[in-house]
Amino acid sequence: MARDSVEYVGIAEKIRSSKYFRQIVVDGKFCLPDDKPAIEQVTDVEMRAEVNRAELIGTPTGTSAEGTRLSGWSIVVQGQLIGRMQYIGALPKQPVITAMFAMPFLTTLVVDPCTLPYEVDAVAHIEDISVTAVDACCIYARVALYIAARGCDRRCPC
């Protein structure tokens, strides 16, 4: 997908639906290493999401400040976004330069205690990506994620 003359790669075309899901936004400011030339224009951004850990944990019961009913069980999902940006360097010959960056994420998904799984699996789908040059050496990245988890009881294979 191209937007504002930047090509974005990694946005999911299909999203695995799930009973346990959450949409989150991960954002951050990243500055180029000293050995990279300054940014004249960002041309391409490639992003992928990795889930490093999904774990079922016990939590308090009640209602959260946001109004979510807390069941006493949640799935903690931890992962990272790996990004690669291509840009035109602010040098006389205008070379194309590549820079890498990573953005960690962590979220919880409330689980229904009546269908408590013994094993969990989670995936992260990228819904949208936006990268803006803040100045000649730094970018601001904002990524919308759909985190989905599924649980298996003893009667179904994962």
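Just so we're clear, the structure is a prediction, and the values are computed from it rather than from any experiment.
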(message) Applying a strict under-4.5 Å side-chain criterion to I, L, V, M, F, W and Y, I'd like to know whether L106 and I57 cluster together.
(response) yes
(message) Going by the rule side-chain contact (heavy atoms from CB on, under 4.5 Å), which residues pair with F30 if we only count those two or more places apart in sequence or in a different chain?
(response) F101, M103, I139, A141
(message) Suppose the criterion is disulfide bond (SG atoms under 2.5 Å apart): which pairs have a residue in residues 57-100, not counting sequence neighbours?
(response) none
(request) Please round to the nearest 0.5 Å and tell me the distance separating atom CD1 of I11 and atom CD1 of I129. (result) 4.5 Å
(request) Determine, step by step, whether I75 and Y20 satisfy the side-chain contact (heavy atoms from CB on, under 4.5 Å) criterion, reporting the C-alpha distance in whole Å, the side-chain angles of both residues, the deciding distance to 0.1 Å, and the verdict. (result) CA-CA 9 Å; I75 299 171; Y20 310 121; 4.3 Å; yes
(request) With sequence neighbours left out, write down each residue that passes side-chain hydrogen bond (donor to acceptor under 3.5 Å, both in side chains) with D27, or none if nothing qualifies. (result) Y140, R142
(request) Could you tell me which residues satisfy salt bridge (charged side-chain N to carboxylate O under 4.0 Å, His left out) with D135, sequence neighbours excluded, listed by chain and number? (result) none
(message) Between T61 (side chain only) and S71 (backbone N and O only), is there a donor and an acceptor less than 3.5 Å apart?
(response) no
(request) Output all residues satisfying side-chain contact (heavy atoms from CB on, under 4.5 Å) with P60, sequence neighbours left out; order by chain, then residue number. (result) none
(message) Using the rule given for side-chain contact (heavy atoms from CB on, under 4.5 Å), can you reason through L145 versus E127, listing the C-alpha separation, both sets of side-chain angles and the distance that settles it, and then say yes or no?
(response) CA-CA 6 Å; L145 285 177; E127 292 186 304; over 6 Å; no
(request) Show which residues join L70 in its hydrophobic cluster (side-chain heavy-atom contacts under 4.5 Å, direct or indirect), or state none. (result) V110
(request) Would you sort out whether I39 and L32 count as a side-chain contact (heavy atoms from CB on, under 4.5 Å), showing the intermediate values? (result) CA-CA 9 Å; I39 301 168; L32 296 173; 3.6 Å; yes
(message) If I take atom NE2 from residue H125 and atom CD1 from residue I15, how far apart are they, to the nearest 0.5 angstrom?
(response) 6.0 Å
Output side-chain donor-acceptor pairs under 3.5 Å for residues 76-91, partner residues at least two apart or in another chain, one line each.
{"from": "Q78", "atom 1": "OE1", "to": "R53", "atom 2": "NE", "distance (Å)": "3.0"}
{"from": "Q80", "atom 1": "NE2", "to": "E50", "atom 2": "OE1", "distance (Å)": "3.4"}
{"from": "R84", "atom 1": "NH2", "to": "E46", "atom 2": "OE1", "distance (Å)": "2.9"}
{"from": "Y87", "atom 1": "OH", "to": "P37", "atom 2": "O", "distance (Å)": "2.8"}

(message) Going by the rule side-chain hydrogen bond (donor to acceptor under 3.5 Å, both in side chains), which residues pair with E66 if we only count those two or more places apart in sequence or in a different chain?
(response) S64
(request) Calculate, to the nearest 0.5 Å, the distance between atoms CZ and CD1 belonging to F105 and I24 respectively. (result) 6.0 Å
(message) What verdict does the side-chain contact (heavy atoms from CB on, under 4.5 Å) test give for I126 and V143, after you've listed the backbone C-alpha separation in whole Å, the side-chain angles of each residue and the deciding distance to 0.1 Å?
(response) CA-CA 7 Å; I126 297 172; V143 180; 3.9 Å; yes
(request) Only pairs at least two apart or in different chains count here, so list each side chain to side chain donor-acceptor pair (under 3.5 Å) that has a residue in residues 90-106. (result) E40-Q94
(request) Quick one: list whatever passes side-chain contact (heavy atoms from CB on, under 4.5 Å) with A136, sequence neighbours left out. (result) A38
(message) Would you say that more than 12 heavy atoms from the other residues, nucleotides or ligands in this model lie under 6.0 Å from the CG of D34, or not?
(response) no
(message) Can you list everything that forms a ring-ring contact (aromatic ring centres under 6.0 Å, His included) with F21? Sequence neighbours excluded, please.
(response) Y146
(request) State which residues pass side-chain contact (heavy atoms from CB on, under 4.5 Å) with C31; sequence neighbours excluded, sorted by chain then number. (result) K29, C138
(message) Nearest 0.5 Å, please: how far is OG in S74 from CD in E55?
(response) 11.5 Å
